[in-house]
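Take a look at the structure set out below.
Counting starts at 1 for both ligands and their atoms, in listed order.
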Amino acid sequence: MQLLSININRVSNSVSENEINVYEPEIKKHIESLYNKTGKGNDFLGWVNLPSEIDNATIKRIENDAEKIKKIAEVFVVIGIGGSYLGARAVIDALSNNFSSIISASERKAPYIIYAGNNINEDYFAELLELLDKKDYAIAVVSKSGTTTEPAIAFRILKQHIEKKYGKLGAKKRIIAITDKAKGALKQLADKEGYSTYTIPDDVGGRYSVLTPVGLLPIAVAGFDISKLIEGAKKMQAQTSPVIPFKENPSAIYAAVRNALLKKGKSLEILASFSPNLHYIIEWWKQLYGESEGKEGKGIFPAGVDFTADLHSMGQYIQEGQRNIFETVISVGTSKKELRIPFDNENADGLNFISGKKISEVNKMAELGTMIAHVDGDVPNILLQIDALNEENIGQLIYFFEMACAISGYILGVNPFDQPGVEAYKKNMFALLGKPGFEKDTEIIMKRF
Ligand code: PA5
C-alpha cells in the first residue's frame, strides 16, 4: 500500500512557502492537544485512536453479522442521516461496481445497500416500500442520539413493513440497531424489542464515526474488507501522529495550506475528482468540513464537483466566476479495469488521434489540463494522490481528512466536534408541526406567516 501523497506546488501563485510554514508550531500544538485531549471538544476525540484501538473481536462480530445478513437479504436498508450514513455510503460507493444497483445479486455477491432516513420525502418512502414488498431485506437503524426525526420516521415506517412481511419474530432477526450505549429512544426500543445492537462510542461524533460499526457494518454487508479499510486508516494515523514532522504529515500540510489560502480570501474550497465512484466521498467530506468548521461566522465553504461532468456546468464558474475559490483534487492512479478507445475507419468525430489509448490516459490528461486551466484562472490547486480505489487507500483518505479537519478547526479557533447550528431548523419544524412542549414557539412562528 502506497501512502497517500499531497502536492501543493500549484498553490504557489496565491501563497508562499513561508505563509504555509508559519502554521508549523501552531499545528504541532493542535495535534498534541488532539492526543492529550486538551483542546475544544475534548470529549469527542475517540476517533483519533479508532484505527489502532479497534479490537479483533469487534471486527469478527461485524463480519459474522454481515455474513448472516448476506444469507437472508438481497437488500440492506441503512437508516440514518448525516454522519450516521454518509461514511458508509462514501466507502461503499467508492469500492462498488458503478452499476451495482442493476447487476444481479449473485454477480454482486452481496446485498444491495439502500439508504433511508436521510430525507422526509413521501414518494421516496412509498417507492421504497413498493420495492421492499418484492425483495428480501434487513435493516440497520443508525442514530447516535437515538432521537433524530428523519431516521425515526423511516424506522417507524419500515418497522411496520418488516414486521408485516416476516412476523414480529422474523423481523427481529433482520433488524440491527446502532446507537448510544444507554441514551435515546432507539436504545430503549432496541432493548424492548430485543434487537441485536452495536454501540457508538460516547466520544465519537456522527461525522467521525465511519470507522465504528456505524460505517463498518454496512461496508462489510456490501462485501468489502473492513480489516483492510482499518489497516489503511491505521497507516494514516501513524503518518499524522505527534511524532511526525510537519513536512511529512499530509494532514498538517493540508490544514496549513487551506488556512493560508483562506487568509488570502479563498473562502470556498471545491473538492473534485475524476472518478464517479468518489461522489459520496465528496459528500461525506462536505459534511465533515461544513459541520466542523462552519460556525461563529468562520469556516471555508466546502463544495464538491464530479469531473468531467461538472466541467460542463460548474466549470464555467470555477474558471471565471468570483475569485474566492481554491480546489482540491483527489486523483486516482490506476483504474481497476482496462478499456481502450477504439479506432474508427470513418473518423467522423476526429478522435482517431486518441484511438488505442486507455480511457484512463485520456481522463488523466483531462485532469491535468483542468488543473492547469484552473490555476491559470487563479484557482489554486491542492492535489491528493492515491494509487488505486481499494479499501486500504480509502481508509487512508478518511483518516487523512478527519485529522486535517480537526487541525483546521483548531486553527480557526472553533470546536470542530459540535454542530449547534443544526438545531435551528429542528426547532422551527417542531413548532410548525405542533410538537408538545413547543407551544410558545408555535405561537411565535405562526405569526410570521
Ligand atoms: O456529525 C454529526 O454528529 C451529525 O451529522 C449526525 O451524524 C446527524 O445529525 C445524525 O445524528 P444521529 O446519529 O444522532 O441520528
Side-chain angles (χ1 to χ4, degrees), residues 40-48 50 77-92 115-120 139-159 175-190 195 197-219 280-295 299 302 304 398-399 401-406 408-409 414-430 435:
K40 286 189 179 170
N42 56 3
D43 43 351
F44 278 98
L45 293 172
W47 59 271
V48 173
L50 270 180
V77 187
V78 175
I79 298 177
I81 197 163
S84 286
Y85 92 103
L86 276 169
R89 189 165 198 174
V91 176
I92 291 166
Y115 304 88
N118 57 356
N119 65 61
I120 325 177
I139 297 174
V141 50
V142 190
S143 179
K144 169 114 193 256
S145 62
T147 56
T148 308
T149 310
E150 291 89 338
I153 293 174
F155 189 54
R156 181 182 272 231
I157 292 169
L158 289 185
K159 182 174 179 290
I175 298 172
I176 297 180
I178 305 178
T179 188
D180 184 84
K181 70 172 184 307
K183 296 193 298 270
L186 178 58
K187 174 66 183 157
Q188 282 167 25
L189 184 64
Y195 300 148
T197 55
Y198 283 91
T199 297
I200 307 173
D202 282 346
D203 56 357
V204 180
R207 57 191 175 274
Y208 288 84
S209 69
V210 52
L211 300 174
T212 72
V214 171
L216 297 178
L217 179 71
I219 293 165
Y280 268 93
I281 288 280
I282 295 173
E283 292 301 307
W284 168 83
W285 169 89
K286 274 160 58 181
Q287 189 215 349
L288 181 63
Y289 280 73
E291 266 191 347
S292 301
E293 293 191 330
K295 52 199 73 160
I398 285 169
Y399 195 90
F401 276 134
E402 288 179 346
M403 179 52 83
C405 184
S408 197
V414 299
N415 175 355
F417 309 110
D418 66 1
Q419 54 284 329
V422 178
E423 296 310 313
Y425 98 91
K426 290 185 192 168
K427 191 175 136 228
N428 289 345
M429 179 174 80
F430 292 148
K435 184 175 177 174

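Below 30°, between 30° and 60°, or above 60°: for Y85 and Y115 the angle between ring planes is between 30° and 60°, a tilted geometry. Between F417 and W47, the two ring planes are tilted [angle within 30° to 60°].
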Checklist line | Test log, rule side chain to side chain contact (heavy atoms under 4.5 Å, CB included), inputs L216 and Y198 | finding: CA-CA 11 Å; L216 297 178; Y198 283 91; over 6 Å; no

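Atoms CD1 and OG1, on I178 and T197 in that order, are 9.5 Å from each other to the nearest 0.5 Å.
Protein heavy atom closest to atom 1 (O) of ligand 1, with residue, atom name and distance, is R207 N, 2.9 Å. The single protein non-hydrogen atom nearest to atom 2 (C) of ligand 1 is E291 OE1, 3.5 Å, given as residue, atom name and distance. Protein heavy atom in closest approach to atom 10 (C) of ligand 1: I81 O, 3.3 Å.
The contact set between ligand 1 and G206, taken as ligand atoms under 4.0 Å from a residue heavy atom, comprises 1 (O), 2 (C), 3 (O), 7 (O). Within ligand 1, the atoms closer than 4.0 Å to a non-hydrogen atom of S145 are 12 (P), 14 (O), 15 (O), numbered from 1 in the order shown. Atom numbering of ligand 1 starts at 1 in the shown order; those under 4.0 Å from a heavy atom of Q419 are 3 (O). Annotation for ligand 1: atoms under 4.0 Å from non-hydrogen atoms of S84 are 7 (O), 12 (P), 13 (O).
Residue contacts with ligand 1: Q287 is included, with a non-hydrogen atom under 4.0 Å away.
No more than 12 heavy atoms of other residues, nucleotides or ligands lie within 6.0 Å of NZ in K183, so this atom counts as exposed by the packing criterion.
By the 4.5 Å heavy-atom criterion applied to side chains, W285 and I398 are not counted as neighbours.
T179 contributes a side-chain N or O that, together with a main-chain N or O of S143, makes up a donor-acceptor pair within less than 3.5 Å.
Considering I200, T147, T148, V204 only, the shortest heavy-atom separation from atom 11 (O) of ligand 1 involves T148.
Between G83 and ligand 1, an N or O atom pair is found at a separation short of 3.5 Å.
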